[in-house]
Q: 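Mind looking over this structure? Questions follow.
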Amino acid sequence: MSPEQLLQAYADAVYARGTEALLALYHPDVTVYDMWEHWLYDGQQQWRGMVESWFASLGDERVQVTFDDVRSTVTPDLALVHAFVTYAGLSASGERLRAMNNRITLTLTPGSNGWVILHEHSSAPAEFATGKVNLHRPA
């Protein structure tokens with residue numbers, strides 16, 4: 001699986017709310033610096049708890065994930081991918097309800113079926129004076 005295929009698999013797994021499919025993209029010893037609540041998820045099992053809670057919170061909604069301005073550097077032993085990502089909440093009928101943007105950086109390592117995520121870091125810019133995070137990227 002190439003880095004680009006991994007991003008598509010990520011988007012597909014999130015849309016399907018497929019916990020196992022999403023977690024299969026992560027190394028067992030993954031480190032995740034997520035934007036929400038916790039400073040660190042250390043290992044796939046901790047990340048599993050977040051993923052299960054996220055998907056359970058959706059009810060009958062889906063999340064459409066899109067990546068743009070994807071840039072990657074690939075060596076035989078390591079790949080670095082960074083991009084802008086949009087998470088759009090969709091109703092059961094497919095209507096776009098809301099969306100947010102952030103930045104994502106992935107460090108990939110070879111796995112048994114191609115690249116897997118060894119480290120994930122998501123962020124968004126914050127206003128210096130207020131600390132308010134900007135979740136909407138200008139067009």
Q: Group every Ile, Leu, Val, Met, Phe, Trp and Tyr by side-chain heavy-atom contacts under 4.5 Å, then state whether L58 and V65 land in the same group.
A: yes

Q: Taking the basic N atoms (NZ, or NE/NH1/NH2) and the acidic carboxylate oxygens, is any pair closer than 4.0 Å for R17 and E52?
A: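 The answer is no: the pair does not qualify as a salt bridge.
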
Q: On a heavy-atom basis, which atom in Y26 and which in V116 lie closest, and how many Å separate them?
A: C-CB, 4.2 Å

Q: Between E20 and R48, does any NZ, NE, NH1 or NH2 come within less than 4.0 Å of an OD or OE carboxylate oxygen?
A: yes

Q: Give the C-alpha distance, both sets of side-chain angles, the deciding distance and a yes or no for side chain to side chain contact (heavy atoms under 4.5 Å, CB included) between V81 and F67.
A: CA-CA 11 Å; V81 179; F67 297 95; over 6 Å; no

Q: Give the minimum heavy-atom separation between L90 and L97, together with the two atoms involved.
A: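 In this case the closest contact between L90 and L97 is C-CD1, 4.0 Å.
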
Q: Is the gap between the ring centers of Y41 and Y33 under 6.0 Å?
A: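 So the answer is no for these two rings.
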
Q: State, yes or no, whether a side-chain contact exists between T31 and D42 at a heavy-atom distance under 4.5 Å.
A: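 Yes; the side chains approach each other to less than 4.5 Å.
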
Q: Looking at F84, is R103 sitting on its ring face, NZ or CZ under 6.0 Å from the six-membered ring centre and within 45 degrees of the normal?
A: no

Q: Per the side chain to side chain contact (heavy atoms under 4.5 Å, CB included) rule, which among N101, L135, V63 passes with Y87?
A: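 The side chain to side chain contact (heavy atoms under 4.5 Å, CB included) with Y87 is passed solely by V63 among N101, L135, V63.
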
Q: H27: what forms a ring-ring contact (aromatic ring centres under 6.0 Å, His included) with it, not counting sequence neighbours?
A: none

Q: Evaluate side chain to side chain contact (heavy atoms under 4.5 Å, CB included) for H82 paired with S72, printing each intermediate quantity in order.
A: CA-CA 6 Å; H82 56 96; S72 60; over 6 Å; no

Q: I want to check something: taking the side chain as every heavy atom from C-beta on, are T107 and I117 in contact at a cut-off of under 4.5 Å?
A: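 Not in contact.
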
Q: Can you tell which of M100, M35, E127 makes a side chain to side chain contact (heavy atoms under 4.5 Å, CB included) with V133?
A: M35

Q: Which atoms form the tightest heavy-atom contact between H119 and H121, and what is the distance?
A: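 Looks like NE2-CB, 3.8 Å.
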
Q: Hey, does L106 have a side-chain heavy atom less than 4.5 Å from the side chain of Y10?
A: no

Q: Should L40 and V32 count as side-chain neighbours, where that means a heavy-atom distance under 4.5 Å?
A: no

Q: If two hydrophobic side chains count as joined below 4.5 Å and joins carry through other members, does L7 share a cluster with L78?
A: no

Q: Could you walk me through whether V30 and L118 satisfy the side chain to side chain contact (heavy atoms under 4.5 Å, CB included) test, starting with their C-alpha distance in whole Å, then the side-chain angles of each, then the deciding distance to 0.1 Å, before giving a yes or no?
A: CA-CA 5 Å; V30 67; L118 182 61; 5.7 Å; no

Q: Got a sec, which residues hit side chain to side chain donor-acceptor pair (under 3.5 Å) with Q64, two or more places apart in sequence or on another chain?
A: none

Q: Which distance, rounded to the nearest 0.5 Å, do you find between the CE of M1 and the OG of S112?
A: 9.5 Å

Q: So do Q8 and D12 actually touch side chain to side chain, heavy atoms under 4.5 Å?
A: yes

Q: Where is the tightest heavy-atom contact between R96 and T86, given as atom of each residue plus distance?
A: NH2-CG2, 3.8 Å

Q: Do L25 and W115 come within less than 4.5 Å of each other through their side chains, counting heavy atoms only?
A: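 No, their side chains stay 4.5 Å or more apart.
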
Q: Would you indicate whether D69, at its atom CG, is surrounded by more than 12 heavy atoms from other residues, nucleotides or ligands within a distance under 6.0 Å?
A: yes

Q: Grab the two heavy atoms, one from S91 and one from E61, that are nearest each other, plus how far apart they are.
A: CA-CG, 4.5 Å

Q: Within the 4.5 Å heavy-atom criterion, are V51 and Q46 side-chain neighbours or not?
A: no

Q: Considering only heavy atoms from C-beta outward, does the side chain of W47 approach that of D34 to under 4.5 Å?
A: yes

Q: Where do V14 and F55 come nearest, in terms of heavy atoms and distance?
A: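 Where V14 meets F55 most closely, the heavy atoms are CA-CZ, 4.0 Å.
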
Q: Judged by modelled atom types alone, do N102 and S122 share a side-chain donor-acceptor pair under 3.5 Å?
A: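 There is no such pair between these side chains.
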
